[in-house]
Number of protein chains: 2
Amino acid sequence: MELAKTPEIKEPVYRWDEKAIKQIVRDMGLKVTQQRLTILECILRGRDHITAQELYEAVQAKDPNLGFATVYRFLKQLTEQEYVSEVRMGGLPARYEWARKKSHHDHLTCKQCGSICEFENQQIEDLQEAIAKSFGYILTSHVLELYGICPECQKEDGILPGTKNFS
Amino acid sequence: MELAKTPEIKEPVYRWDEKAIKQIVRDMGLKVTQQRLTILECILRGRDHITAQELYEAVQAKDPNLGFATVYRFLKQLTEQEYVSEVRMGGLPARYEWARKKSHHDHLTCKQCGSICEFENQQIEDLQEAIAKSFGYILTSHVLELYGICPECQKEDGILPGTKNFS
DNA sequence: TTATAATTGAGAACCATTATTATTTAGTTG
DNA sequence: CAACTAAATAATAATGGTTCTCAATTATAA
(Lines give C-alpha, C1' and ligand atoms only; values in the text may rest on other atoms or scores of the structure.)
Protein backbone atom coordinates (compact mmCIF):
# COMPACT_ATOMS: atom_id res chain seq x y z
CA MET A 1 0.00 0.00 0.00
CA GLU A 2 1.29 3.39 -0.98
CA LEU A 3 1.32 6.16 1.58
CA ALA A 4 0.14 9.54 0.42
CA LYS A 5 2.84 12.13 0.89
CA THR A 6 2.09 14.49 3.71
CA PRO A 7 3.63 17.91 3.28
CA GLU A 8 6.51 18.79 5.54
CA ILE A 9 5.19 20.35 8.74
CA LYS A 10 6.53 23.84 9.19
CA GLU A 11 7.05 24.25 12.90
CA PRO A 12 6.39 27.89 13.67
CA VAL A 13 8.62 29.40 16.30
CA TYR A 14 6.55 30.24 19.33
CA ARG A 15 7.72 32.61 21.98
CA TRP A 16 6.21 31.55 25.21
CA ASP A 17 7.01 34.66 27.08
CA GLU A 18 5.26 35.65 30.29
CA LYS A 19 2.79 37.79 28.41
CA ALA A 20 1.73 35.11 25.98
CA ILE A 21 1.32 32.61 28.78
CA LYS A 22 -0.80 34.98 30.79
CA GLN A 23 -2.95 35.57 27.75
CA ILE A 24 -3.66 31.86 27.47
CA VAL A 25 -5.03 31.76 30.98
CA ARG A 26 -7.13 34.83 30.33
CA ASP A 27 -8.43 33.34 27.11
CA MET A 28 -9.52 30.36 29.10
CA GLY A 29 -11.65 32.63 31.22
CA LEU A 30 -9.65 31.85 34.35
CA LYS A 31 -7.85 33.99 36.84
CA VAL A 32 -4.17 34.50 36.24
CA THR A 33 -2.40 32.93 39.17
CA GLN A 34 1.28 32.28 39.65
CA GLN A 35 0.51 28.57 39.93
CA ARG A 36 -1.13 28.44 36.54
CA LEU A 37 1.71 30.35 34.96
CA THR A 38 4.23 27.98 36.48
CA ILE A 39 2.33 24.94 35.28
CA LEU A 40 1.91 26.33 31.79
CA GLU A 41 5.57 27.19 31.60
CA CYS A 42 6.48 23.62 32.43
CA ILE A 43 4.09 22.25 29.85
CA LEU A 44 5.23 24.62 27.13
CA ARG A 45 8.92 24.36 27.75
CA GLY A 46 9.10 20.76 28.95
CA ARG A 47 9.02 17.74 26.76
CA ASP A 48 5.92 16.22 25.24
CA HIS A 49 3.95 13.21 26.35
CA ILE A 50 4.38 14.09 29.99
CA THR A 51 2.32 12.50 32.75
CA ALA A 52 0.53 14.49 35.43
CA GLN A 53 3.02 13.22 37.99
CA GLU A 54 6.02 14.19 35.89
CA LEU A 55 4.51 17.60 35.39
CA TYR A 56 3.93 17.87 39.11
CA GLU A 57 7.58 17.11 39.77
CA ALA A 58 8.72 19.66 37.20
CA VAL A 59 6.45 22.23 38.77
CA GLN A 60 7.66 21.35 42.25
CA ALA A 61 11.18 22.31 41.26
CA LYS A 62 9.97 25.84 40.61
CA ASP A 63 7.48 26.13 43.42
CA PRO A 64 7.58 23.51 46.16
CA ASN A 65 4.33 24.79 47.61
CA LEU A 66 2.30 24.09 44.49
CA GLY A 67 0.00 21.13 45.21
CA PHE A 68 -0.65 18.28 42.86
CA ALA A 69 -4.40 18.83 42.99
CA THR A 70 -3.77 22.16 41.32
CA VAL A 71 -1.81 20.48 38.58
CA TYR A 72 -4.56 17.93 37.95
CA ARG A 73 -7.26 20.56 38.09
CA PHE A 74 -5.60 22.88 35.64
CA LEU A 75 -4.62 20.01 33.37
CA LYS A 76 -8.24 18.99 33.21
CA GLN A 77 -9.29 22.50 32.27
CA LEU A 78 -6.61 22.68 29.63
CA THR A 79 -7.81 19.37 28.24
CA GLU A 80 -11.45 20.43 28.21
CA GLN A 81 -10.59 23.58 26.33
CA GLU A 82 -8.34 21.55 24.07
CA TYR A 83 -5.18 23.45 24.84
CA VAL A 84 -3.56 20.15 25.66
CA SER A 85 -4.50 16.72 24.44
CA GLU A 86 -4.65 13.70 26.63
CA VAL A 87 -3.34 10.37 25.46
CA ARG A 88 -4.21 7.24 27.37
CA MET A 89 -2.42 4.02 26.60
CA GLY A 90 -3.73 0.87 28.19
CA GLY A 91 -4.17 1.33 31.89
CA LEU A 92 -1.15 3.58 32.18
CA PRO A 93 -1.33 7.11 33.52
CA ALA A 94 -2.54 9.63 30.97
CA ARG A 95 0.06 11.59 29.05
CA TYR A 96 -0.37 15.17 27.96
CA GLU A 97 0.97 17.37 25.22
CA TRP A 98 0.40 20.90 24.10
CA ALA A 99 -2.13 20.58 21.31
CA ARG A 100 -1.89 23.90 19.57
CA LYS A 101 1.64 24.08 18.33
CA LYS A 102 1.42 21.31 15.83
CA SER A 103 -1.19 19.96 13.54
CA HIS A 104 -3.10 16.89 14.61
CA HIS A 105 -1.19 13.67 14.72
CA ASP A 106 -1.40 10.17 16.13
CA HIS A 107 1.11 7.95 17.86
CA LEU A 108 3.11 4.85 17.14
CA THR A 109 4.40 3.42 20.39
CA CYS A 110 7.00 0.72 20.95
CA LYS A 111 5.57 -1.89 23.25
CA GLN A 112 8.99 -2.72 24.56
CA CYS A 113 10.82 0.51 25.20
CA GLY A 114 7.87 2.91 25.14
CA SER A 115 9.41 5.23 22.58
CA ILE A 116 6.85 7.22 20.66
CA CYS A 117 6.76 8.24 17.01
CA GLU A 118 4.25 10.78 15.83
CA PHE A 119 2.63 10.63 12.45
CA GLU A 120 -0.16 12.25 10.57
CA ASN A 121 -2.17 10.78 7.78
CA GLN A 122 -4.97 12.65 6.13
CA GLN A 123 -6.39 9.58 4.43
CA ILE A 124 -7.04 7.96 7.78
CA GLU A 125 -8.59 11.16 9.09
CA ASP A 126 -10.91 11.33 6.12
CA LEU A 127 -11.88 7.70 6.45
CA GLN A 128 -12.73 8.20 10.10
CA GLU A 129 -14.94 11.12 9.24
CA ALA A 130 -16.67 9.07 6.57
CA ILE A 131 -17.26 6.16 8.91
CA ALA A 132 -18.77 8.33 11.62
CA LYS A 133 -20.99 9.97 9.05
CA SER A 134 -22.16 6.62 7.73
CA PHE A 135 -23.47 5.82 11.21
CA GLY A 136 -25.08 9.23 11.55
CA TYR A 137 -22.58 10.32 14.18
CA ILE A 138 -20.98 13.71 14.52
CA LEU A 139 -17.33 12.90 15.03
CA THR A 140 -15.83 14.88 17.88
CA SER A 141 -12.52 13.16 18.53
CA HIS A 142 -10.64 9.98 18.09
CA VAL A 143 -7.82 7.93 19.48
CA LEU A 144 -5.50 6.16 17.12
CA GLU A 145 -2.61 4.47 18.78
CA LEU A 146 -0.45 1.98 16.95
CA TYR A 147 1.64 -0.42 18.95
CA GLY A 148 4.62 -2.31 17.67
CA ILE A 149 8.26 -3.12 18.09
CA CYS A 150 10.67 -0.39 17.11
CA PRO A 151 13.71 -1.15 14.96
CA GLU A 152 16.01 -0.85 17.97
CA CYS A 153 14.07 -3.41 20.00
CA GLN A 154 13.77 -5.72 17.03
CA LYS A 155 17.54 -5.96 17.05
CA GLU A 156 17.64 -6.64 20.76
CA ASP A 157 15.05 -9.36 20.37
CA GLY A 158 17.08 -11.09 17.73
CA ILE A 159 14.24 -10.63 15.30
CA LEU A 160 16.66 -8.73 13.18
CA PRO A 161 20.38 -9.44 13.17
CA GLY A 162 21.92 -7.03 15.61
CA THR A 163 24.73 -6.48 18.02
CA LYS A 164 23.04 -5.65 21.29
CA ASN A 165 21.45 -8.30 23.47
CA PHE A 166 19.98 -8.46 26.92
CA SER A 167 21.95 -10.67 29.28
CA MET B 1 -14.89 10.50 0.67
CA GLU B 2 -16.17 7.17 -0.56
CA LEU B 3 -16.08 4.19 1.75
CA ALA B 4 -14.91 0.92 0.28
CA LYS B 5 -17.57 -1.74 0.67
CA THR B 6 -16.69 -4.35 3.22
CA PRO B 7 -18.19 -7.74 2.49
CA GLU B 8 -20.95 -8.93 4.79
CA ILE B 9 -19.46 -10.75 7.76
CA LYS B 10 -20.67 -14.30 7.93
CA GLU B 11 -21.04 -15.03 11.60
CA PRO B 12 -20.26 -18.71 12.05
CA VAL B 13 -22.40 -20.49 14.60
CA TYR B 14 -20.27 -21.47 17.53
CA ARG B 15 -21.38 -24.05 20.01
CA TRP B 16 -19.86 -23.18 23.31
CA ASP B 17 -20.53 -26.46 24.96
CA GLU B 18 -18.77 -27.56 28.11
CA LYS B 19 -16.17 -29.49 26.13
CA ALA B 20 -15.24 -26.57 23.91
CA ILE B 21 -14.98 -24.27 26.88
CA LYS B 22 -12.75 -26.68 28.75
CA GLN B 23 -10.55 -26.97 25.71
CA ILE B 24 -10.02 -23.23 25.67
CA VAL B 25 -8.68 -23.30 29.21
CA ARG B 26 -6.42 -26.24 28.37
CA ASP B 27 -5.19 -24.47 25.26
CA MET B 28 -4.23 -21.57 27.46
CA GLY B 29 -1.99 -23.89 29.46
CA LEU B 30 -4.08 -23.40 32.58
CA LYS B 31 -5.80 -25.78 34.92
CA VAL B 32 -9.44 -26.43 34.25
CA THR B 33 -11.32 -25.15 37.25
CA GLN B 34 -15.03 -24.67 37.74
CA GLN B 35 -14.44 -20.96 38.28
CA ARG B 36 -12.77 -20.52 34.92
CA LEU B 37 -15.52 -22.43 33.19
CA THR B 38 -18.14 -20.27 34.82
CA ILE B 39 -16.37 -17.07 33.86
CA LEU B 40 -15.86 -18.21 30.29
CA GLU B 41 -19.47 -19.20 29.99
CA CYS B 42 -20.55 -15.73 31.05
CA ILE B 43 -18.19 -14.10 28.59
CA LEU B 44 -19.21 -16.33 25.71
CA ARG B 45 -22.92 -16.23 26.30
CA GLY B 46 -23.23 -12.73 27.74
CA ARG B 47 -23.25 -9.56 25.76
CA ASP B 48 -20.21 -7.79 24.37
CA HIS B 49 -18.36 -4.79 25.73
CA ILE B 50 -18.80 -5.95 29.27
CA THR B 51 -16.85 -4.46 32.17
CA ALA B 52 -15.00 -6.56 34.72
CA GLN B 53 -17.56 -5.57 37.33
CA GLU B 54 -20.50 -6.51 35.14
CA LEU B 55 -18.85 -9.82 34.42
CA TYR B 56 -18.27 -10.31 38.13
CA GLU B 57 -21.96 -9.76 38.78
CA ALA B 58 -22.98 -12.18 36.05
CA VAL B 59 -20.60 -14.74 37.47
CA GLN B 60 -21.87 -14.16 40.99
CA ALA B 61 -25.34 -15.19 39.89
CA LYS B 62 -23.99 -18.62 39.03
CA ASP B 63 -21.50 -18.98 41.85
CA PRO B 64 -21.73 -16.56 44.76
CA ASN B 65 -18.43 -17.76 46.14
CA LEU B 66 -16.42 -16.80 43.10
CA GLY B 67 -14.26 -13.82 44.03
CA PHE B 68 -13.68 -10.74 41.92
CA ALA B 69 -9.93 -11.24 42.07
CA THR B 70 -10.44 -14.46 40.17
CA VAL B 71 -12.43 -12.66 37.50
CA TYR B 72 -9.80 -9.97 37.08
CA ARG B 73 -7.00 -12.52 37.10
CA PHE B 74 -8.55 -14.72 34.46
CA LEU B 75 -9.62 -11.74 32.38
CA LYS B 76 -6.03 -10.59 32.33
CA GLN B 77 -4.82 -13.96 31.18
CA LEU B 78 -7.48 -14.08 28.50
CA THR B 79 -6.40 -10.66 27.34
CA GLU B 80 -2.73 -11.55 27.28
CA GLN B 81 -3.44 -14.60 25.19
CA GLU B 82 -5.77 -12.54 23.03
CA TYR B 83 -8.85 -14.60 23.62
CA VAL B 84 -10.59 -11.43 24.67
CA SER B 85 -9.76 -7.89 23.69
CA GLU B 86 -9.76 -5.02 26.07
CA VAL B 87 -11.17 -1.64 25.12
CA ARG B 88 -10.36 1.34 27.29
CA MET B 89 -12.18 4.58 26.75
CA GLY B 90 -10.90 7.62 28.54
CA GLY B 91 -10.59 6.93 32.22
CA LEU B 92 -13.59 4.62 32.22
CA PRO B 93 -13.37 1.00 33.30
CA ALA B 94 -12.07 -1.32 30.63
CA ARG B 95 -14.57 -3.23 28.56
CA TYR B 96 -14.00 -6.72 27.24
CA GLU B 97 -15.24 -8.77 24.35
CA TRP B 98 -14.50 -12.21 23.01
CA ALA B 99 -12.00 -11.61 20.27
CA ARG B 100 -12.13 -14.81 18.29
CA LYS B 101 -15.67 -15.01 17.06
CA LYS B 102 -15.60 -12.07 14.73
CA SER B 103 -13.11 -10.48 12.49
CA HIS B 104 -11.22 -7.49 13.75
CA HIS B 105 -13.15 -4.29 14.15
CA ASP B 106 -12.92 -0.92 15.81
CA HIS B 107 -15.37 1.16 17.79
CA LEU B 108 -17.37 4.30 17.41
CA THR B 109 -18.58 5.45 20.80
CA CYS B 110 -21.14 8.08 21.68
CA LYS B 111 -19.62 10.50 24.17
CA GLN B 112 -22.99 11.20 25.67
CA CYS B 113 -24.79 7.91 26.07
CA GLY B 114 -21.87 5.51 25.69
CA SER B 115 -23.51 3.43 22.98
CA ILE B 116 -21.03 1.62 20.79
CA CYS B 117 -21.03 0.94 17.07
CA GLU B 118 -18.57 -1.50 15.61
CA PHE B 119 -17.05 -1.05 12.23
CA GLU B 120 -14.31 -2.50 10.14
CA ASN B 121 -12.39 -0.78 7.45
CA GLN B 122 -9.65 -2.52 5.57
CA GLN B 123 -8.29 0.68 4.09
CA ILE B 124 -7.53 2.03 7.54
CA GLU B 125 -5.95 -1.27 8.55
CA ASP B 126 -3.72 -1.19 5.50
CA LEU B 127 -2.73 2.40 6.10
CA GLN B 128 -1.78 1.60 9.66
CA GLU B 129 0.41 -1.24 8.49
CA ALA B 130 2.05 1.02 5.97
CA ILE B 131 2.70 3.74 8.51
CA ALA B 132 4.31 1.35 10.98
CA LYS B 133 6.45 -0.08 8.22
CA SER B 134 7.57 3.38 7.16
CA PHE B 135 8.99 3.89 10.65
CA GLY B 136 10.61 0.46 10.64
CA TYR B 137 8.20 -0.86 13.25
CA ILE B 138 6.60 -4.28 13.35
CA LEU B 139 2.97 -3.51 14.03
CA THR B 140 1.56 -5.71 16.76
CA SER B 141 -1.73 -4.06 17.64
CA HIS B 142 -3.62 -0.85 17.53
CA VAL B 143 -6.37 1.08 19.17
CA LEU B 144 -8.76 3.04 17.04
CA GLU B 145 -11.62 4.56 18.93
CA LEU B 146 -13.82 7.18 17.36
CA TYR B 147 -15.86 9.41 19.61
CA GLY B 148 -18.86 11.41 18.61
CA ILE B 149 -22.48 12.16 19.22
CA CYS B 150 -24.92 9.51 18.08
CA PRO B 151 -28.03 10.48 16.11
CA GLU B 152 -30.23 9.90 19.17
CA CYS B 153 -28.22 12.27 21.34
CA GLN B 154 -28.00 14.85 18.59
CA LYS B 155 -31.77 15.08 18.76
CA GLU B 156 -31.73 15.44 22.52
CA ASP B 157 -29.16 18.19 22.27
CA GLY B 158 -31.28 20.12 19.86
CA ILE B 159 -28.51 19.89 17.29
CA LEU B 160 -31.01 18.18 15.09
CA PRO B 161 -34.72 18.86 15.26
CA GLY B 162 -36.22 16.20 17.48
CA THR B 163 -38.96 15.37 19.91
CA LYS B 164 -37.15 14.28 23.05
CA ASN B 165 -35.57 16.75 25.42
CA PHE B 166 -34.04 16.67 28.86
CA SER B 167 -35.98 18.62 31.46
C1' DT C 1 -3.15 -42.02 46.27
C1' DT C 2 0.11 -38.84 46.98
C1' DA C 3 2.79 -35.01 45.93
C1' DT C 4 3.11 -30.47 44.43
C1' DA C 5 2.48 -26.67 41.95
C1' DA C 6 -1.31 -23.92 40.50
C1' DT C 7 -5.44 -21.70 41.91
C1' DT C 8 -8.58 -19.59 44.85
C1' DG C 9 -11.13 -16.18 48.08
C1' DA C 10 -10.82 -12.47 51.06
C1' DG C 11 -9.27 -8.46 51.87
C1' DA C 12 -5.54 -5.24 51.88
C1' DA C 13 -2.87 -2.45 48.97
C1' DC C 14 -2.09 0.42 45.06
C1' DC C 15 -2.23 4.33 42.23
C1' DA C 16 -4.10 7.73 39.34
C1' DT C 17 -7.41 10.88 39.81
C1' DT C 18 -11.22 13.64 42.03
C1' DA C 19 -13.70 15.75 45.88
C1' DT C 20 -13.76 18.41 50.16
C1' DT C 21 -12.83 22.29 52.89
C1' DA C 22 -10.78 25.93 55.28
C1' DT C 23 -7.83 29.52 53.80
C1' DT C 24 -5.88 32.71 50.54
C1' DT C 25 -5.92 35.55 46.50
C1' DA C 26 -7.08 37.87 41.91
C1' DG C 27 -9.67 41.08 39.93
C1' DT C 28 -13.36 44.34 40.37
C1' DT C 29 -15.85 48.23 42.29
C1' DG C 30 -16.33 52.26 44.86
C1' DC D 1 -6.07 52.64 46.97
C1' DA D 2 -9.17 49.70 50.00
C1' DA D 3 -12.73 46.58 50.47
C1' DC D 4 -15.33 43.01 48.61
C1' DT D 5 -16.44 38.64 46.49
C1' DA D 6 -16.05 34.85 43.79
C1' DA D 7 -12.46 31.94 42.33
C1' DA D 8 -8.38 29.41 43.37
C1' DT D 9 -5.35 27.04 46.35
C1' DA D 10 -3.01 23.44 49.56
C1' DA D 11 -3.63 19.69 52.16
C1' DT D 12 -5.71 15.81 52.69
C1' DA D 13 -9.32 12.46 52.41
C1' DA D 14 -11.92 9.80 49.37
C1' DT D 15 -12.79 7.16 45.25
C1' DG D 16 -12.74 3.44 42.13
C1' DG D 17 -10.73 0.28 39.15
C1' DT D 18 -7.34 -2.98 39.36
C1' DT D 19 -3.57 -5.77 41.36
C1' DC D 20 -1.24 -8.02 45.14
C1' DT D 21 -0.71 -11.08 49.27
C1' DC D 22 -1.23 -15.17 51.55
C1' DA D 23 -3.22 -18.98 53.82
C1' DA D 24 -6.22 -22.57 52.37
C1' DT D 25 -7.81 -25.47 48.64
C1' DT D 26 -7.65 -28.18 44.43
C1' DA D 27 -6.33 -30.00 39.72
C1' DT D 28 -3.15 -32.69 37.56
C1' DA D 29 1.02 -35.66 37.10
C1' DA D 30 3.46 -39.45 38.97
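No experiment lies behind these values; they were computed from the predicted model shown. Order of the sequence lines fixes the chain letters, A, B, ..., with proteins taken first and strands second; residue numbering starts at 1 for each chain.
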Respond yes when some side-chain nitrogen or oxygen of B:Q35 is under 4.0 Å from OP1 or OP2 of C:dG9, and no when none is. yes
Check the phosphate of D:dA10 against A:T70, side-chain N and O only, distance under 4.0 Å to OP1 or OP2. Yes or no? yes
For the backbone of [Y] and the side chain of [X], can you confirm whether one donor and one acceptor N or O come within less than 3.5 Å of each other?
X: B:Q60; Y: B:L66; result: yes
X: B:S141; Y: A:Y147; result: no
X: B:E118; Y: B:H105; result: no

Whole-Å gap separating [atom2] ([N]) and [atom1] ([X]):
X: B:L75; N: C:dT8; atom1: CG; atom2: P; result: 13 Å
X: B:N65; N: C:dG9; atom1: CG; atom2: C1'; result: 9 Å
X: A:E86; N: C:dT17; atom1: CD; atom2: C1'; result: 10 Å
X: B:L55; N: D:dT18; atom1: CG; atom2: P; result: 12 Å
X: B:D63; N: C:dT7; atom1: CG; atom2: C1'; result: 14 Å
X: A:E54; N: C:dT17; atom1: CD; atom2: P; result: 11 Å
X: B:Y56; N: C:dT8; atom1: OH; atom2: P; result: 14 Å
X: A:I39; N: D:dA8; atom1: CD1; atom2: P; result: 12 Å

Across nucleotides 19-30 of chain D, 5' to 3', mark each nucleotide with B, S or - according to how protein heavy atoms within less than 4.0 Å reach it. BBB-----BS--
Fit a plane to each ring of B:F135 and A:F119, take the angle between them on a 0 to 90° scale, and name the class: parallel (under 30°), tilted (30 to 60°) or perpendicular (over 60°). tilted
Look at the rings of A:Y83 and A:W98 and say which category their plane angle falls in: under 30° parallel, 30 to 60° tilted, over 60° perpendicular. tilted
Hits for ring-ring contact (aromatic ring centres under 6.0 Å, His included) against A:H142, two or more places apart or cross-chain, chain-then-number order -> A:H104
B:Q53, nearest nucleotide to its side chain (from D:dT18, C:dA16, C:dG9): D:dT18
Identify, with sequence neighbours excluded, every residue that meets salt bridge (Lys or Arg N to Asp or Glu O under 4.0 Å) alongside A:E125. none
